[in-house]
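Before any comments, here is the structure.
Reckoned from all heavy atoms, side chains included, excluding hydrogens, waters and symmetry mates.
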Amino acid sequence: MKKVVTFGEILARLTPPGFKKMAQTNQLEIYYGGTETNVSVSLSILGCQTMHVSRVSDDFLGNAALSNLKSNGVDTSYVQKGEEPLGLYFVEPGAVVRSGVISYNRNHSAFRALEPNSIPWAAIFKNADWFHWTGITPAHSENNFLALKEALMIAKEMKVTVSCDPAYRTGLWKYGRKAEDALKGLVALSDVFIGGAEQFNELLGTDFSLSDEDFKKGSIALKAEFPKIKTIYDKTRTGKNASWHQIEARMWNGKNLFSCEPIEITHIVDRIGTGDAFAAGVIFGELNNYSEKETLAFANAACAIKHTIEGDANLADFNEINQIARGNTSGRLIR
């Protein structure tokens, strides 16, 4: 089994049942997730050995979050506990022409208070094949930034492959460090880049469009700036409304541009975590030495099927994803 390590905040998500607005309900459903957490859960279900590093509240909510991860096969041995609360976020789901809305309550969470020198990264990365991080983690606090930077330095020393999704969140990065400078230093220590025009422009100060030609040009510019990057993956989305999207994927391997067939999703059940499902699909394909086209098709299929699953993480198994990757999108009953 391939071993994958992730590092990031574990969150509790509260959302009304069905597609109700908050003002309509006196009940909220709870799910546990978080960007990097979702990647770990998905890869665990796909058969990888996964370990998630984080810090949660030392109470019944933190324990419930850990139980949820453990029930999906994720190793939580290096998740710390603290007196601060677990991070929360609230989702009012969108439907058709009504947009979904998210509100976060994580400014004083247990994860943000994590001490950067308290994590034994060398022990964590023992026998590890892969480490995945996103731009959300270093955006929380100076402590989180320093902990991630140390993890990347040790991963490099131990020859662990690193993937990054340097997502920029305008509502974060309020503790004094400039996002562009911080992310540049972290991306420079990574091998696989998951992102497109938006991330290129944030990191390089450019104005690339969403076209394939600009993706190619942006990838070349990114590799020139960050020579350690080997492959670049991007997921694009076209939405008719909140319930009907089309997704497709592309990648640049330093020489050639690859793409896959788009998948149309006409009835979205849950939009949350679809990008994390794509990242997990990329990692799975790379770990199993899939070809560029095979990796793209699998990652795009993983992203697509997550739109049909309630909750933060993609709970689809290999066979469910693989049949979509091979073009079977009929959704017919399997007996």
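When each of D276, I321, T274, I263 is paired with C303, the side-chain contact (heavy atoms from CB on, under 4.5 Å) condition holds for T274 and for no other. A ring pair (Phe, Tyr, Trp, His ring centres under 6.0 Å) with F7 is found for exactly one of F111, F125, F145, namely F111.
Considering only heavy atoms from C-beta on, I247 stays 4.5 Å or farther from E264 through its side chain. The shortest side-chain heavy-atom distance between V79 and L66 falls under the 4.5 Å cut-off. Two residues are said to be in side-chain contact when any heavy atoms from C-beta on lie closer than 4.5 Å; H52 and D75 fail this criterion. Counting heavy atoms from C-beta on, the side chains of N322 and D317 never come closer than 4.5 Å. F200 is listed as a side-chain neighbour of I232, based on a closest heavy-atom distance under 4.5 Å. In this structure the side chain of V192 reaches within 4.5 angstrom of the side chain of W130, judged on heavy atoms. Inter-residue side-chain proximity for S57 and K81 is flagged as unmet; no heavy-atom pair is nearer than 4.5 Å. Looking only at side-chain heavy atoms (C-beta outward), P138 and L183 come within less than 4.5 Å of each other.
A salt bridge does not link R112 to E84: none of the charged nitrogens lies less than 4.0 Å from a carboxylate oxygen. Under 4.0 Å is where a charged nitrogen must lie from a carboxylate oxygen, and between K3 and D129 no such pair does. By the 4.0 Å N-to-carboxylate-O rule, K235 lies too far from D165 to be salt-bridged with it.
Taken to the nearest 0.5 Å, the CD1 atom of I229 stands 9.5 Å off from the CG atom of L189. Expressed to the nearest 0.5 Å, how far OG of S163 lies from CD1 of I194 amounts to 5.0 Å.
Side chain to side chain, T6 and H132 fail the donor-acceptor criterion of an N or O pair below 3.5 Å. Counting only N and O atoms by type, the side chains of D214 and S209 include a donor and acceptor under 3.5 Å apart. Remark: the T231 side chain and the E292 side chain contain no N/O donor-acceptor pair separated by less than 3.5 Å. For the residue pair S259 and E248, no side-chain donor N or O sits within less than 3.5 Å of a side-chain acceptor on the partner.
Side chain of S118 to main chain of E115: a donor-acceptor pair is present (N/O by atom type, distance under 3.5 Å, no hydrogens or angles). Panel note: side chain K306, backbone G311; a donor-acceptor pair is recorded below 3.5 Å. The closest donor-acceptor contact from the side chain of N288 to the backbone of Y290 lies at 3.5 Å or more, if one exists at all. Judged purely by atom type and a 3.5 angstrom limit, S109 has no side-chain atom pairing as donor or acceptor with the backbone of G87. Judged by distance alone, with hydrogens and angles left aside, the side-chain atoms of H245 form no donor-acceptor pair with the main-chain N or O of I268 at under 3.5 Å. Under the 3.5 Å distance criterion, the side-chain polar atoms of R55 are matched with a main-chain donor or acceptor of A110. With hydrogens and angles ignored, the 3.5 Å screen pairs no side-chain donor or acceptor of S40 with any backbone N or O of T37. The backbone N or O of N72 sits less than 3.5 Å from a side-chain atom of S44, completing a donor-acceptor pair.
Around the NZ atom of K126, the shell of radius 6.0 Å holds no more than 12 heavy atoms that belong to other residues, nucleotides or ligands. Summarising the local packing, CG of D181 is surrounded by more than 12 heavy atoms from other residues, nucleotides or ligands at distances under 6.0 Å. When the shell of 6.0 Å around CZ of R98 is examined, it contains more than 12 heavy atoms from other residues, nucleotides or ligands. Heavy atoms of other residues, nucleotides or ligands lying less than 6.0 angstrom from CD of E150 number more than 12. Atom CE of M22 has more than 12 heavy atoms from other residues, nucleotides or ligands within 6.0 Å.
No continuous path of ILVMFWY side-chain contacts below 4.5 Å connects F278 to I136, so the two sit in separate hydrophobic clusters. Under the 4.5 Å side-chain contact rule for hydrophobic residues, V162 and L146 share a cluster.
Within the hydrophobic cluster formed by Ile, Leu, Val, Met, Phe, Trp and Tyr side chains joined at under 4.5 Å, directly or through other members, V91 is accompanied by L11, Y89, I102, Y104, I272.
Residues A242 and G94 share a closest heavy-atom pair of CB-C, 4.1 Å. Residues K184 and L203 come closest through the heavy atom pair CE-O, 2.7 Å. Taking each heavy atom of I265 and A304 in turn, the nearest pair found is CD1-CA, 4.1 Å.
Residues meeting the side chain to side chain donor-acceptor pair (under 3.5 Å) test with T15, sequence neighbours left out: none. T134 meets the side chain to side chain donor-acceptor pair (under 3.5 Å) test with E36; sequence neighbours excluded.
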For this session: Report the C-alpha separation of F208 and F215 in whole Å, then their side-chain angles, then the decisive distance to 0.1 Å, and conclude whether the ring-ring contact (aromatic ring centres under 6.0 Å, His included) test is met.
Result: CA-CA 7 Å; F208 292 114; F215 174 69; 9.8 Å; no
For this session: Report the C-alpha distance between F318 and F298 in whole Å, list the side-chain angles of each, state the deciding distance to 0.1 Å, and finish with yes or no for ring-ring contact (aromatic ring centres under 6.0 Å, His included).
Result: CA-CA 9 Å; F318 173 81; F298 191 85; 5.8 Å; yes
